[in-house]
Amino acid sequence: MSDNGARGWFGRREILKWSAVAGVAAAGTTLLSGTSAFASAAEGSLKGKRIGISTAGTDHFFDLQAYNAQIEEVKRLGGEPIAVDAGRNDGKLVSQLQTLIAQKPDAIVQLLGTLTVIDPWLKKARDAGIPVLTIDVGSTHSLNNSTSDNWGIGKDLALQLVSDIGGEGNIVVFNGFYGVTPCAIRYDQLVNVVKYFPKVKILEPELRDIIPNTVQDAFTQITAILNKYPEKGSIKAIWSAWDIPQLGATQALAAAGRTEIRTYGVDGSPEVLQLVADPASPAAADVAQQPAELGRTAIRNVARLLAGETLPRETYVPALLANKANVNDVTKKLGIG
């Protein structure tokens with residue numbers, strides 16, 4: 001899905017101007033849409049309330065942090081969590097949502113999931129009179145979606161990449177989860193930026209990242225790509241919508257001695273941020289989200305809703321773009337450094 005039919009060319013100076021926006025994120029904030037709500041510190045009580053918490057899986061740092069934070073926040077606010085983990089099995093996810101709906105909790109929060117799989121069941125929950133909130137799920141059946149500003153994340157990461165490679169060269173893209181809303185937005189923003197730089201080319205066919213065994217599979221796929229493009233300079237960067245494929249790709253580059261190629265991803269997994277902090281590592285940038293805060297925010301929004309408040313369609317929690325220059329500051333701000 002490469003789009004290199006740009007109508008104009010920007011030089012190095014213009015690339016750096018564009019990247020000033022990414023620099024704002026790198027300094028410690030991600031720009032948030034003025035039409036959506038910031039995460040609120042407002043709290044309420046969930047005393048006597050039963051809250052369903054459903055997740056597609058907890059095998060990734062982001063997922064586990066957001067899932068556990070929801071459970072803890074429900075308890076802290078006096079409620080009873082009914083938490084289910086589908087273990088990356090869509091059939092199990094649907095079955096667990098059916099069970100949650102039958103238990104008639106006071107609200108359900110869905111964390112991640114492929115929209116085509118979960119959306120019919122989120123609708124069934126709403127039809128049964130159960131309020132539905134989500135984390136990183138772009139469903140019309142959700143009353144509120146707690147998320148990072150994925151438009152800003154995608155744009156800032158793409159601008160960092162384009163600037164780092166000097167506005168030209170081939171890039172390899174993992175695009176295996178376009179059905180997951182945040183991944184789709186981040187990918188679309190990459191394409192939107194790249195189309196203005198005709199000397200940047202997304203190599204086709206794009207790679208498909210998988211779950212489970214993401215790291216091993218990414219390692220294998222990138223090793224094969226390097227064999228196909230053995231000349232240094234033939235590939236400039238590797239992009240993924242989350243950072244576990246980035247981890248496998250970075251390991252493959254190191255193993256092949258191709259550390260001139262840079263890698264980019266999203267989430268802020270501690271092991272990836274450690275690679276970004278290593279001057280010798282090809283991991284160039286990773287946008288760090290705040291998954292635990294996303295989980296807490298979603299539950300606070302449940303309490304606000306049940307107290308009679310009207311919620312915004314989305315609640316944004318800031319993300320931080322970590323690169324070689326600022327990664328130590330970012331990890332300290334996130335409390336993982």
**OP:** Measure the spacing between CG of Asp156 and CG of Asn323 and express it to the nearest 0.5 Å.
**Re:** 11.0 Å
Subject >> Shortest non-hydrogen contact from Pro120 toward Val117 >> reply: CD-O, 3.7 Å
**OP:** Keeping the roles fixed (side chain from Gln189, backbone from Gly152), state whether a donor-acceptor pair exists under 3.5 Å.
**Re:** no
Subject >> Shortest non-hydrogen contact from Leu306 toward Pro131 >> reply: CD2-CG, 4.5 Å
Original post:
So, are Arg300 and Glu293 salt-bridged, with charged N and O less than 4.0 Å apart?
Top reply: yes
Original post:
Should the heavy atoms of other residues, nucleotides or ligands under 6.0 Å from NZ of Lys124 be counted, would the total exceed 12?
Top reply: no
**OP:** Please check if any side-chain donor atom of Asp136 sits under 3.5 Å from a side-chain acceptor atom of Thr181, or the reverse.
**Re:** no
Subject >> For Pro282, the option from Leu253, Val276, Leu275, Ile238 that meets side-chain contact (heavy atoms from CB on, under 4.5 Å) >> reply: Leu253
Original post:
Are any side-chain N or O atoms of Lys75 and backbone N or O atoms of Gln70, one a donor and one an acceptor, separated by less than 3.5 Å?
Top reply: no
**OP:** Could you pull out the closest heavy-atom pair between Ser45 and Ala303, with the gap in Å?
**Re:** O-CB, 4.2 Å
Original post:
So, Tyr264 and Asp164: side-chain donor and acceptor under 3.5 Å apart, yes or no?
Top reply: yes
Original post:
Hey, does Val74 have a side-chain heavy atom less than 4.5 Å from the side chain of Glu80?
Top reply: no
Original post:
Can Tyr229 and Glu231 be counted as having a side-chain donor-acceptor contact under 3.5 angstrom?
Top reply: no
Original post:
So do the side chains of Asp267 and Phe61 get within less than 4.5 Å of each other, counting heavy atoms only?
Top reply: no
Original post:
Would you say Ile222 and Val172 make side-chain contact, with heavy atoms under 4.5 Å?
Top reply: yes
Subject >> Student check: side-chain heavy atoms of Gln110 and Leu97 closer than 4.5 Å >> reply: yes
Subject >> Pair Glu206-Tyr178, side-chain donor/acceptor within less than 3.5 Å >> reply: no
Original post:
Any luck finding a side-chain donor-acceptor pair between Gln246 and Ser240 under 3.5 Å?
Top reply: no
Subject >> side chain to side chain contact (heavy atoms under 4.5 Å, CB included) between Val173 and Leu203, worked out >> reply: CA-CA 7 Å; Val173 168; Leu203 291 179; over 6 Å; no
Original post:
Side chains of Gln221 and Asp217: do they bring a donor and an acceptor to under 3.5 Å?
Top reply: yes
Original post:
With distance as the sole test, does Thr220 use its side chain to make a donor-acceptor pair with the main-chain N or O of Gln216 at under 3.5 Å?
Top reply: yes
**OP:** Determine, stepwise, if the pair Phe219 / Thr223 fulfils side chain to side chain contact (heavy atoms under 4.5 Å, CB included).
**Re:** CA-CA 6 Å; Phe219 185 102; Thr223 299; 3.6 Å; yes
**OP:** Starting at CG of Leu112, measure out to CZ of Phe62 and round the result to the nearest 0.5 Å.
**Re:** 5.5 Å
**OP:** Taking the side chain as every heavy atom from C-beta outward, state whether Leu305 and Leu143 have any pair of such atoms under 4.5 Å apart.
**Re:** yes
**OP:** Measure the spacing between CD1 of Ile171 and CH2 of Trp239 and express it to the nearest 0.5 Å.
**Re:** 9.0 Å
**OP:** State whether the side chain of Asp286 and the backbone N or O of Ala322 hold a donor-acceptor pair below 3.5 Å, judged by distance alone.
**Re:** no
Original post:
With no hydrogens and no angle check, is any side-chain donor or acceptor of Asn227 less than 3.5 Å from a backbone partner on Ala224?
Top reply: no
Subject >> Ile53 with Ile101, same ILVMFWY side-chain cluster at under 4.5 Å >> reply: no
Subject >> Shared hydrophobic cluster for Leu111 and Leu100 (ILVMFWY, side-chain gaps under 4.5 Å) >> reply: no
**OP:** Could you tell me whether the side chains of Asn144 and Glu314 share a donor-acceptor contact shorter than 3.5 Å?
**Re:** no
Original post:
How many angstroms lie between atom CD of Gln251 and atom CD of Glu271, to the nearest 0.5 angstrom?
Top reply: 9.0 Å
Original post:
Does a side-chain heavy-atom distance below 4.5 Å link Ser269 with His60?
Top reply: yes
Original post:
Donor-acceptor pair, Asn192 side chain versus Lys195 backbone, under 3.5 Å?
Top reply: no
Original post:
If we ignore angles and hydrogens, is there a donor and acceptor under 3.5 Å between the side chains of Thr263 and Thr250?
Top reply: yes
**OP:** Report yes or no: do Asn150 and Thr147 form a side-chain donor-acceptor pair below 3.5 Å?
**Re:** yes
Subject >> Arg262/Leu161 under side chain to side chain contact (heavy atoms under 4.5 Å, CB included): CA gap, chis, key distance, verdict >> reply: CA-CA 8 Å; Arg262 298 176 171 95; Leu161 184 158; over 6 Å; no
Original post:
Does CZ in Arg208 sit with more than 12 non-hydrogen atoms of other residues, nucleotides or ligands closer than 6.0 Å?
Top reply: no
Original post:
Taking NZ, NE, NH1 and NH2 as the nitrogens, is one of them in Asp127 or Lys123 under 4.0 Å from a carboxylate oxygen of the other?
Top reply: yes
**OP:** First locate atom CG of Leu294, then atom OG of Ser146, and finally report the distance between them rounded to the nearest 0.5 Å.
**Re:** 6.5 Å
Subject >> Mutual orientation of the aromatic rings belonging to Phe177 and Trp242 [parallel < 30°, tilted 30-60°, perpendicular > 60°] >> reply: perpendicular
Original post:
Do Asn145 side-chain atoms and Val137 backbone N/O form a donor-acceptor pair below 3.5 Å?
Top reply: yes
Original post:
Looking at side-chain heavy atoms only, is the closest gap between Gln98 and Trp121 below 4.5 Å?
Top reply: yes
**OP:** Find out if a path of hydrophobic residues (ILVMFWY) with successive side-chain heavy-atom gaps under 4.5 Å connects Leu311 to Val302.
**Re:** yes
**OP:** Supply the atom-to-atom distance Arg304 CZ to Leu133 CG, rounded to the nearest 0.5 angstrom.
**Re:** 10.0 Å
**OP:** Could you check Thr134 against Val109 for side chain to side chain contact (heavy atoms under 4.5 Å, CB included), going step by step and ending with a plain yes or no?
**Re:** CA-CA 5 Å; Thr134 51; Val109 181; 5.9 Å; no
Original post:
So, Asp243 side chain and Gly265 main chain: donor-acceptor pair closer than 3.5 Å or not?
Top reply: no
Original post:
Is a side-chain donor or acceptor of Arg50 paired with a backbone partner of Ala107 at a separation under 3.5 angstrom?
Top reply: no
**OP:** Using distance alone, with no hydrogens and no angle criterion, decide if Thr214 and Asp209 have a side-chain donor and acceptor under 3.5 Å apart.
**Re:** no
Original post:
Are the side chain of Thr331 and the backbone N or O of Asn328 linked by a donor-acceptor pair below 3.5 Å?
Top reply: yes
**OP:** Locate the shortest heavy-atom distance separating Asp85 from Tyr67; write the atom from each residue and the value.
**Re:** N-OH, 3.8 Å
Subject >> Heavy-atom closest contact (Ala252 atom, Leu226 atom, distance) >> reply: O-CD1, 4.1 Å
Original post:
Are any non-hydrogen side-chain atoms of Ser54 and Leu93 less than 4.5 angstrom apart?
Top reply: yes
Subject >> Nearest atoms (heavy-atom pairs only) where Ala69 meets Gly295 >> reply: CB-CA, 4.4 Å
Subject >> Same apolar cluster: Leu115 and Ile135, side chain cutoff 4.5 Å >> reply: no
